[in-house]
Protein chains: 2
Amino acid sequence: MDIERSISALNNPMRRRILEWLKDRSNFPPALPGHEDLEGVCVAYIQEKAKLSQSTISNYMGLLKQAGFVKAERHGQWTFYRRDEENIQAFLTAVKDELLKM
Amino acid sequence: MDIERSISALNNPMRRRILEWLKDRSNFPPALPGHEDLEGVCVAYIQEKAKLSQSTISNYMGLLKQAGFVKAERHGQWTFYRRDEENIQAFLTAVKDELLKM
DNA sequence: TCCATAAATCGAAATATCTCGATATACCAA
DNA sequence: TTGGTATATCGAGATATTTCGATTTATGGA
């Protein structure tokens, strides 16, 4: 739990927005045939919704992953990203512990 | 509650450390004579502990204030800063609501 | 094997943040 | 009013972040 890295990853409106989008798979187009069982979303779908370049989104997802907010799973040529709820919860607890007085 | 500005203010180790120091007035030298009733801490004390320049600390305290994490109270030539516990709590709630799935 | 597609990495320009010393402002005391 | 002390603001250089297009790497299919 590197709070420095996590806060830094959150310090960007689009990255926060992506984390929100990933709360609900239905924010994105349906899964590709043969990947219906996966909960994650591929980079291209996120890019399309964010309207930023492919390299930027790939970079953003890498930062969110390093921060522990998402998990990546490679299937063939696709990387599927999904939220890491446990780590997100752990981050919230850590921030609370650091910020709150008692 | 401008979450953008707040996260930005937190995105710096020394500013977070100052917020922690301010949890307990005894992290700093005793109040100056005639100011024993004030809970806040003057800029000079914070600067001494942080070992950064006066202008940097003044700037940091301004950012923390804009973010709502501290309140400033001017008494004579001193500005006394103290935590704004209500706003800190409000920020934590806002981050939780934005980050957490349910 | 060769090509197409998805994603990651690289290099760079634009912008923002950090941090300083110098200066300005506000206030108090003599 | 003059001088001293505390804080805020200004301007600038160093460093970091943002975002892009181009390239590289990985994979799968014909």
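Throughout, a chain's letter reflects where its sequence line sits, starting with A, and its residues are numbered from 1.
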Give me the atom names and distance for the closest heavy-atom approach of [X] to [Y].
X	Y	answer
B:Pro13	A:Glu4	CG-OE1, 3.6 Å
A:Ala50	A:Ile57	CB-CD1, 3.7 Å
A:Asn87	A:Gly68	CB-O, 3.0 Å

Taking any heavy-atom pair under 4.0 Å as a contact, classify [X]: base, sugar-phosphate, or nothing.
X	value
B:Phe80	nothing
A:Ser55	base
A:Asn11	sugar-phosphate

Item to check | Nucleic acid contacts - residues 65-72 of chain B versus DNA chain C, non-hydrogen atoms under 4.0 Å | outcome: none

Under a 4.5 Å cut-off applied to non-hydrogen side-chain atoms, are [X] and [Y] in contact?
X	Y	value
A:Val95	B:Val95	no
A:Tyr45	A:Lys49	no
A:Ile18	A:Met61	yes
A:Leu19	A:Val70	yes

Checklist entry - If you find the nucleotide of DNA chain D closest to A:Met14 and the one closest to B:Thr56, which residue's nucleotide is nearer the 5' end? => result B:Thr56

Checklist entry - What nucleotide among C:dA8, D:dT18, D:dT9 has an atom nearest to a side-chain atom of A:Asn12? => result D:dT18

Checklist entry - In chain order, what residues pass the ring pair (Phe, Tyr, Trp, His ring centres under 6.0 Å) check against A:Phe69, with sequence neighbours excluded? => result A:Phe91

Next on the checklist: For residues 93-102 of chain A, which residue pairs pass the side chain to side chain donor-acceptor pair (under 3.5 Å) check, not counting sequence neighbours?
Outcome noted: A:Glu98-B:Arg16

What protein N or O atoms touch nucleotides 25-30 of chain C N or O atoms at under 3.5 angstrom, if any, and at what distances?
none

Checklist outcome for this item: Within residues 46-54 of chain A, those residues having any heavy atom closer than 4.0 Å to DNA chain D are A:Leu52, A:Ser53

Checklist entry - Going by the salt bridge (Lys or Arg N to Asp or Glu O under 4.0 Å) test, which pairs reach into residues 61-80 of chain A, not counting sequence neighbours? => result A:Glu73-A:Arg82

